[in-house]
Amino acid sequence: MLDEPRSGRLAAWGNALLAGFAAPDDAAHHITGRDAVHRVTGLPGESGPVGLTLALGRLRTLGATGLRLALPAPGHPLGLSGPPEFNARALEAGEAVVASGAALGLVPEVYEAGPEGDVHVEVLWHCLPVREAPPADVPSLSEAERELAEAMREATEVLIRLDVAGSGPVAQAALEAYRARAERGGEVLAPGYPPRAVRVLELARRVGALISIAYEPGDREGREHGGAVSASEIAARSAALRPVERTARRAQVAAYNAMVEERDRHRG
């Protein structure tokens, strides 16, 4: 969860474009990020893959009014609404985008080539039919913010008791390194998003960083970051972190979907 999902970038900058806060080429540039190229295949009316700028314009023509992020995991179809074929593909990828109003969804397929340090990345987005229905298990921003705070308190109590995360110098150094990377990452979300969405996403990312640190194998002396080395301690750590990770993913989706939710609320 340290890295922004590609589907998150597509949802955020696609929403900024649809709402008039970003130009098509600017949105496509931010969605592509450090990848070499993104293309979209399966768009109605197109015989083959097309570039992002054309694809976003075509989605608007097809009736798309907003883009929602989905981050499904086994047993947790977060952000999905069906049908089963789309859900299965999204679950395999671990992410997807659903275009509200167009009954279409996009799932990324990533191709990598080249040596470490010089990897060429291309992304092909598969456009598939989706069911127009409320997405699964996505909280409101206020719910997400409250749940994150509660989950952090509960998990911290458990992790401190197990001596597993966040208190040792190695864990603190790793967290500081994450914060530095986040600051260098620049803008969070995209123009037009409410400040609360930015705040919730930043908190979700910090929670994700702590989870990643707690799961890391150990420091230079061979100790776990939290010192949990027995099978029972590791199992207890996983049990403590699992609901926190789920809460952080739900909050992440709520933040990326906030512009669409706010628009729908005003229209309602």
Side-chain angles (χ1 to χ4, degrees), residues 1-33 52 56 59-60 63-72 78-81 95-102 105-106 132-153 178-179 181-210 244-268:
M1 193 176 289
L2 295 181
D3 297 322
E4 183 180 33
R6 289 181 173 89
S7 293
R9 293 203 305 268
L10 176 57
W13 284 94
N15 284 329
L17 171 62
L18 292 172
F21 290 103
D25 288 344
D26 192 35
H29 171 74
H30 281 89
I31 294 167
T32 302
L52 277 175
L56 290 168
L59 285 172
R60 188 204 295 268
T65 56
L67 303 180
R68 285 186 166 92
L69 171 65
L71 291 179
L78 177 61
L80 298 177
S81 57
E95 58 179 292
V97 173
V98 175
S100 301
L106 299 106
E132 287 279 12
D137 200 35
V138 179
S140 67
L141 272 178
S142 58
E143 291 171 336
E145 195 169 29
R146 184 181 66 252
E147 290 172 2
L148 275 175
E150 293 174 353
M152 278 291 288
R153 285 196 297 269
Y178 160 74
R179 287 171 177 160
R181 288 197 304 273
E183 290 175 359
R184 291 196 303 269
E187 189 171 19
V188 177
L189 290 174
Y193 271 83
R196 190 172 199 173
V198 175
R199 185 169 67 246
V200 168
L201 182 57
E202 288 176 334
L203 179 56
R205 288 178 176 177
R206 287 199 298 272
V207 172
L210 287 172
V244 181
E245 188 172 17
R246 184 186 182 106
T247 297
R249 283 194 303 111
R250 293 180 76 238
Q252 193 175 22
V253 170
Y256 279 106
N257 295 356
M259 189 184 292
V260 181
E261 299 297 338
E262 188 174 76
R263 182 212 62 204
D264 289 349
R265 187 167 57 253
H266 289 162
R267 287 183 178 179

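- The two atoms that bring A144 and A254 nearest to each other are CB-CB, 4.0 Å, heavy atoms only.
- Minimum heavy-atom separation, L69 to S7: CD1-CB, 3.5 Å.
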Set out, in order, the CA-CA distance, both residues' side-chain angles and the distance that settles side chain to side chain contact (heavy atoms under 4.5 Å, CB included) for S100 and R68, then state yes or no.
CA-CA 7 Å; S100 301; R68 285 186 166 92; 2.5 Å; yes

Exercise for review: Any chance you could lay out the side chain to side chain contact (heavy atoms under 4.5 Å, CB included) test for T247 and L148, step after step, and finish with the verdict?
Suggested key: CA-CA 6 Å; T247 297; L148 275 175; 4.1 Å; yes

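- Nearest heavy atoms, G66 versus V260: CA-CG2, 3.8 Å.
- With a 4.5 Å cut-off on side-chain heavy atoms, L141 and E145 do not count as touching.
- Taken from OG1 in T32 to CG in L52, the straight-line distance is 5.0 Å, to the nearest 0.5 Å.
- Minimum heavy-atom separation, V200 to A255: CG1-CB, 4.3 Å.
- Using modelled atom types, one side-chain atom of E132 and one backbone atom of G101 make a donor-acceptor pair closer than 3.5 Å.
- In this structure, D137 CG and L78 CG are separated by 6.0 Å, a value rounded to the nearest 0.5 Å.
- N15 and Y193 are linked by a side-chain donor-acceptor pair at a separation below 3.5 angstrom, with hydrogens and angles left out of the test.
- A donor-acceptor pair is defined here as one N or O able to donate and one able to accept, closer than 3.5 Å; such a pair exists between the side chain of R249 and the backbone of L71.
- Taken from CG in L203 to CD in Q252, the straight-line distance is 11.5 Å, to the nearest 0.5 Å.
- Taking both residues in full, the closest heavy atoms of A99 and A64 are given as CB-CB, 4.2 Å, listed atom of the first, atom of the second, then distance.
- A salt bridge does not link E95 to R6: none of the charged nitrogens lies less than 4.0 Å from a carboxylate oxygen.
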Handout entry: W13 and D26: CA distance, side-chain angles, deciding distance, side chain to side chain contact (heavy atoms under 4.5 Å, CB included) verdict
Key = CA-CA 9 Å; W13 284 94; D26 192 35; 4.0 Å; yes

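- Taken to the nearest 0.5 Å, the CG atom of L189 stands 12.5 Å off from the CZ atom of R199.
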Practice item. Kindly indicate, with the supporting measurements, whether the criterion side chain to side chain contact (heavy atoms under 4.5 Å, CB included) is fulfilled by V138 and R250. Key: CA-CA 6 Å; V138 179; R250 293 180 76 238; over 6 Å; no

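- Side-chain contact between M259 and E262 is absent, with no heavy-atom pair separated by less than 4.5 Å.
- Rounded to the nearest 0.5 angstrom, H30 NE2 and L17 CG are separated by 12.5 Å.
- With rounding to the nearest 0.5 angstrom, the CD1 atom of I31 is 5.0 Å from the CG atom of L56.
- When every heavy atom of L59 is checked against every heavy atom of L106, the shortest pair comes out as CD1-CD1, 4.1 Å.
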